[in-house]
Protein chains: 2
Amino acid sequence: MATDTAAPSAPEPGYVRPEVDVPALKALLDGRYAEVRDLVRTNLVDYASILEEAEELSVDDYRERVREILVEMAATGQTGMGFPEEYGGGGDLGASIAAFETLAYGDLSVLVKAGVQFGLFGGAILQLGTERHHEAYLSDLIAGRLMGCFAMTETGHGSNVQALGTVATYDASTQEFVVTTTREDAVKDYIGNAAKHADVAVVFAQLEVGGESQGVHAFVVPIRDGGEPCPGVHLEDDGRKMGLNGVDNGRIRFEGVRVPRTALLNRFADVTPEGVYESSIENPNRRFFTMLGTLVQGRVCVGGGGINAAKVALAIATRYAVRRRQFEATSKDQEELLLDYGLHQRRLLPLIARTYALHFAQEAVALQLHDIFSGTQAPGEEDDQRRRELESRAAGTKALGTWHATRTIQECREACGGAGYLSVNRFAALKADTDVFTTFEGDNHVLMQLVAKGLLTDYASDFEDLDQLGTVRFVTGLAVETVIEKTSVHKLLERVRDLLPGGDEWDQEAGLLDPDYQLAMLRFREEHMLGGVARRLKRGIDQGMNPGAVFSRVQDHVIAAANAHVERLVLEAFVAKTRELDDGDLKVALNLLCDLFALSTIEADRAWFMEHGRLTVPRSKAISREIGGLCRKIRPLAVDLVDAWAVPPEMLRSPDLVG
Amino acid sequence: MATDTAAPSAPEPGYVRPEVDVPALKALLDGRYAEVRDLVRTNLVDYASILEEAEELSVDDYRERVREILVEMAATGQTGMGFPEEYGGGGDLGASIAAFETLAYGDLSVLVKAGVQFGLFGGAILQLGTERHHEAYLSDLIAGRLMGCFAMTETGHGSNVQALGTVATYDASTQEFVVTTTREDAVKDYIGNAAKHADVAVVFAQLEVGGESQGVHAFVVPIRDGGEPCPGVHLEDDGRKMGLNGVDNGRIRFEGVRVPRTALLNRFADVTPEGVYESSIENPNRRFFTMLGTLVQGRVCVGGGGINAAKVALAIATRYAVRRRQFEATSKDQEELLLDYGLHQRRLLPLIARTYALHFAQEAVALQLHDIFSGTQAPGEEDDQRRRELESRAAGTKALGTWHATRTIQECREACGGAGYLSVNRFAALKADTDVFTTFEGDNHVLMQLVAKGLLTDYASDFEDLDQLGTVRFVTGLAVETVIEKTSVHKLLERVRDLLPGGDEWDQEAGLLDPDYQLAMLRFREEHMLGGVARRLKRGIDQGMNPGAVFSRVQDHVIAAANAHVERLVLEAFVAKTRELDDGDLKVALNLLCDLFALSTIEADRAWFMEHGRLTVPRSKAISREIGGLCRKIRPLAVDLVDAWAVPPEMLRSPDLVG
């Protein structure tokens with residue numbers, strides 16, 4: 001066993017506490033879209049009363065108030081930034097994501113209703129429709145004059161969207177589609193805007209032409225006229241929910257509802273008047289996933305929203321922890337501040353570090369989306385692989401960001417004790433409203449499987465053909481080495497080892513605070529876990545097991561591999577961000593956070609690293625000690641670090657907690 | 001390295017799936033108080049409408065309805081079982097705990113208001129008062145004719161109750177106490193029943209007699225008369241909370257409120273008319289903790305309530321998982337049931353196993369409480385050590401049970417997807433209402449430190465003298481070996497090693513499913529962690545650090561040691577329960593659950609076991625495989641296992657989920 005080179009960093013001689021320049025850090029965090037973010041902050045403050053109204057109003061009135069705010073915000077340009085300028089939009093996708101993320105500092109019903117109206121409904125019209133749909137709907141929906149909904153999920157199918165039970169049959173005699181809910185569990189369900197406000201719906205249904213099914217396509221279907229359901233449309237309210245009660249979720253049942261042929265959102269496929277189905281994409285699976293892929297922005301937005309909601313919780317809990325005292329600990333005369341307790345530091349500071357890490361990872365995925373979707377190439381002509389990597393990254397960041405929100409908000413509530421339980425102190429709404437983030441826009445566990453599939457198949461061009469069974473067959477058809485060598489992490493890992501001392505003993509020789517060491521650890525984990533999944537799949541098949549049963553048995557390894565991948569991307573984003581900074585206090589402070597994120601990520605999975613020969617026992621213990629030392633160094637910076645998120649004080653409420 | 005004797009248990013030749021006799025298992029779980037539990041189940045069904053009313057009524061009406069139900073339930077004898085028969089009670093403490101636990105299947109505002117009225121308020125009158133108080137209040141409060149509150153917590157002090165700022169000064173000239181809120185942060189806060197319903201309060205205040213402070217004592221203070229605040233009493237509503245909005249929490253400020261000398265609850269201390277302070281317990285700390293100790297029932301009840309709330313969530317999620325299908329996995333013709341996915345099994349089944357484990361641990365602590373408090377000895381004469389062990393065990397079980405509730409309810413919500421987000425499906429209320437369980441009746445982290453202190457000081461007779469600093473000094477005054485040898489786990493561990501094969505290599509040779517192996521692992525962890533805390537404390541002091549700073553730095557180890565202790569007790573309770581069963585299917589089924597609980601507990605902390613030389617890498621991996629195998633065996637039993645909890649279907653609601 002090599003010598004453990006890591007030393008605890010407690011009061012080391014050379015260390016000087018950095019001064020955090022809060023405005024400079026805010027500018028760094030806000031990045032390219034600082035102005036957009038500040039516009040949203042201002043709008044949030046203007047409508048701050050909604051946070052209290054959310055508690056006091058009836059469900060009906062709360063819904064109306066949220067709609068009003070949405071329409072008024074739309075007039076400021078805040079919600080339409082991602083749409084083409086010719087329809088009154090801002091023509092900047094990245095700006096629209098920045099605006100949405102910032103909106104998550106406020107009432108989350110406003111956020112989600114904005115997501116439904118402008119992201120899901122508007123996004124579908126924009127991305128799946130063609131000029132005739134843009135002309136017909138975009139100006140009105142951007143201004144909030146036309147409210148719509150996105151009717152994909154059904155009672156029986158949320159994750160497995162290809163199995164939807166709503167059918168749209170083409171009737172050539174009238175050149176119409178007939179939309180029908182074929183089964184009880186095919187009712188559209190949980191649809192935002194459906195219970196009350198939407199006049200039209202983008203409906204996802206199995207397209208049948210000439211007796212043949214062409215898979216799921218999207219149609220614009222009017223559902224209300226003058227406030228009343230259109231003929232054949234049955235609407236129902238989903239009723240009260242855990243949170244987000246300012247959004248009117250509902251159910252839609254279609255009973256032979258007729259819409260003209262032009263109602264088909266026909267960017268990727270069309271039906272001729274005579275009833276001939278045409279598409280530029282031959283393979284039906286590929287077509288379906290290409291359509292879905294254009295809607296990736298929704299996932300990116302939800303991930304960013306989750307991360308920002310976590311910031312609100314941390315801002316409150318951190319400020320409380322430097323005001324609240326309990327028990328005499330180090331002094332007989334005065335009780336101790338909560339944040340001076342080692343345990344309290346351990347509870348909050350790694351969450352602050354992870355929030356920073358996710359922030360920069362989210363910035364990276366948002367910019368990636370902006371670049372790909374703002375390209376001048378016609379759709380379908382871009383590099384497919386880049387789009388698929390984006391979709392995978394969006395899925396993974398969404399899952400990690402929203403799980404982080406759930407966990408962080410809970411920890412912060414508990415860290416504020418009984419005071420955290422009062423509604424005035426924000427946690428009630430934060431918890432209830434964000435809870436569904438882990439489920440909507442893709443169930444996190446399903447998304448993580450998507451991530452793993454992409455890695456295992458190297459985003460193979462026929463990836464869209466691969467359902468669960470197909471993935472198993474694809475992987476088991478390759479040598480495990482081939483699966484691994486195809487992954488980008490393999491090359492990264494090879495390269496990084498050259499940077500570290502100790503050759504094959506890099507895991508023993510490198511310093512714990514060397515980012516190349518931290519990256520190498522996460523890359524090693526990812527590569528090894530992917531190989532492990534591939535090996536397990538092959539072994540099961542070789543033993544003659546049902547491929548589905550094999551997959552089911554390996555499923556927790558699949559999720560772990562996906563998590564390893566996404567955490568690696570997150571660390572890379574954080575390291576890249578700190579490396580580009582000029583030397584100075586800001587860089588010192590962010591390096592502390594980056595180290596804390598990296599080491600607490602390794603610590604959380606240290607059993608795995610020990611099991612796989614990459615972490616000795618002394619080094620594992622050294623990492624835990626180092627985390628304690630980092631927490632003590634970050635302790636005096638904590639308030640500045642949360643202040644740099646610039647959550648408007650009005651959004652924190654909590655008068656007695658943050659004072 | 002010894003041979004890894006553990007084999008994956010997948011389709012092993014001799015295994016026959018047990019048939020679970022649900023009524024027999026229910027009888028086992030309900031135990032001695034089956035009739036009491038069934039009475040409460042019946043009452044819950046009679047008032048099932050409260051679950052919907054909780055969503056529909058205004059806060060005021062909801063509070064009134066909860067009060068009504070409480071009074072009506074009181075008439076059935078359900079809520080008074082713990083009080084003496086001469087005042088209309090049932091004279092059976094164990095029965096009162098069983099009743100309270102079962103009440104947690106229903107609306108939790110009803111539960112918590114019952115806890116406030118009969119547990120906290122009634123319990124304080126009973127335990128801290130003497131005959132004159134019993135005569136004056138018990139009959140009325142048991143019947144719900146007199147509503148009261150328990151005014152201990154202040155805005156500034158919840159955990160550190162010895163530092164309360166409310167003062168009661170004895171005025172010998174009028175033979176009265178004058179109760180005063182001395183500071184802004186000394187207002188009584190979060191007090192259940194205070195905002196609306198309570199006419200009297202048991203107020204905890206610093207007693208001052210003749211200019212000398214005697215520490216915190218309890219007084220009966222009228223706060224309302226005919227619905228109006230009494231003179232000098234200022235009442236405020238805490239407003240809306242995250243959950244439990246059927247309970248009227250509020251604030252109380254006292255401005256020179258005078259109460260007669262007899263208002264002091266004088267079981268442990270009194271003031272003579274002339275103003276002489278008298279107590280049978282000389283040491284003020286000891287006196288204070290003896291008073292608090294008599295209120296231990298509250299913690300036992302909250303722990304049981306949390307465990308039963310978790311059962312409701314698991315009953316819904318498990319039934320949903322055997323109805324809901326998503327994605328074709330093993331068959332092209334039919335989608336797969338959620339519970340047939342390996343990941344879904346991994347998410348839910350260990351939680352079911354832990355719920356069983358905690359159930360039996362809770363039963364043990366409740367019986368222990370019953371035996372100690374039903375003893376015929378006069379107060380103060382019992383074995384102090386037994387009482388302190390009970391207090392420690394109650395604190396630890398409360399912390400684990402309520403954390404388990406928070407985690408389980410969250411996991412179950414996510415496992416039910418978007419459907420889990422609708423209020424009709426119960427998770428909204430379960431999450432919001434139980435969230436504060438980890439905080440009230442003692443913040444879990446503070447309670448776990450209490451547990452650790454008890455272990456470190458071996459419940460020393462002068463334990464009550466020991467605050468945080470005192471504990472550090474006490475421990476550092478002993479040799480580490482002495483600390484360890486004093487613990488009961490030391491003897492247990494010595495003994496159990498004799499039962500295992502392999503001598504010192506027991507951790508390699510014993511079978512993974514041998515309960516003695518599992519117990520030895522948890523006992524080893526506990527002993528070693530305690531020793532580690534003691535060593536770290538000594539080292540810090542030897543280095544000349546401030547004792548408080550040392551403690552702060554060791555705090556996460558303190559919590560870990562306490563957790564190790566409580567989990568060991570939980571496993572012991574589960575193993576003891578299964579061992580006393582006759583051979584048969586029920587025993588087989590419970591052994592599967594017990595194995596799953598034990599191994600997933602070891603797995604969760606496997607990094608620690610590896611770091612401390614008690615788990616080889618192959619054996620660690622074998623444990624994870626075994627857990628997968630156990631999940632597959634338990635899968636077909638899952639519905640029976642949750643049915644045996646006998647949560648009335650009306651309490652599950654979720655018509656579309658459990659159907």
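Per chain, numbering begins at 1; letters A, B, ... match sequence-line order. As a basis for the values below, the full set of heavy atoms in this structure was taken, side chains included, without hydrogen atoms, waters or symmetry mates.
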With a 4.0 Å cut-off, would you call [X] and [Y] a salt bridge?
{"X": "A/Glu603", "Y": "A/Arg346", "result": "yes"}
{"X": "B/Arg325", "Y": "B/Glu336", "result": "no"}
{"X": "B/Glu414", "Y": "A/Arg407", "result": "no"}

Quick check for you: among B/Leu244, B/Asp656, B/Asn444, B/Asn249, which has the greatest number of heavy-atom pairs under 4.5 Å with chain A? B/Leu244

Does any N or O in the side chain of B/Ser620 come within less than 3.5 Å of the main-chain N or O of B/Thr616, such that one atom is a donor and the other an acceptor?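 Not confirmed, B/Ser620 side chain does not pair with B/Thr616 backbone.
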
So, does A/Lys188 use its side chain to make a donor-acceptor pair with the main chain of A/Met152 at under 3.5 Å?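 Flag set: sc A/Lys188 to bb A/Met152 pair under 3.5 Å.
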
Structural part of [X] lying under 4.5 Å from a heavy atom of chain B:
{"X": "A/Phe440", "answer": "neither"}
{"X": "A/Arg240", "answer": "both"}
{"X": "A/Ala549", "answer": "both"}
{"X": "A/Asn546", "answer": "side chain"}
{"X": "A/Asp340", "answer": "backbone"}
{"X": "A/Asp443", "answer": "side chain"}
{"X": "A/Thr153", "answer": "neither"}
{"X": "A/Glu335", "answer": "side chain"}
{"X": "A/Ala419", "answer": "both"}
{"X": "A/Gln345", "answer": "neither"}
{"X": "A/Ile559", "answer": "side chain"}
{"X": "A/Val550", "answer": "neither"}
{"X": "A/Phe609", "answer": "neither"}

So what's closer than 4.5 Å to chain A heavy atoms on [X]: side chain, backbone, both or neither?
{"X": "B/His557", "answer": "neither"}
{"X": "B/Phe551", "answer": "neither"}
{"X": "B/Val446", "answer": "side chain"}

Which is it for A/Gln326 and B/Ser159 under the side chain to side chain donor-acceptor pair (under 3.5 Å) test, yes or no, and what are the steps along the way? CA-CA 7 Å; A/Gln326 202 77 178; B/Ser159 293; 4.8 Å; no

Between A/Thr439 and B/Arg413, is any side-chain donor less than 3.5 angstrom from a side-chain acceptor? yes

Among A/Asp238, A/Asp435, A/Asp556, A/Thr406, residue most engaged with chain B (heavy-atom pairs, under 4.5 Å): A/Asp435

I'd like to know which of A/Gly628, A/Gly418, A/Gly420 tops the heavy-atom pair count under 4.5 Å against chain B. A/Gly418

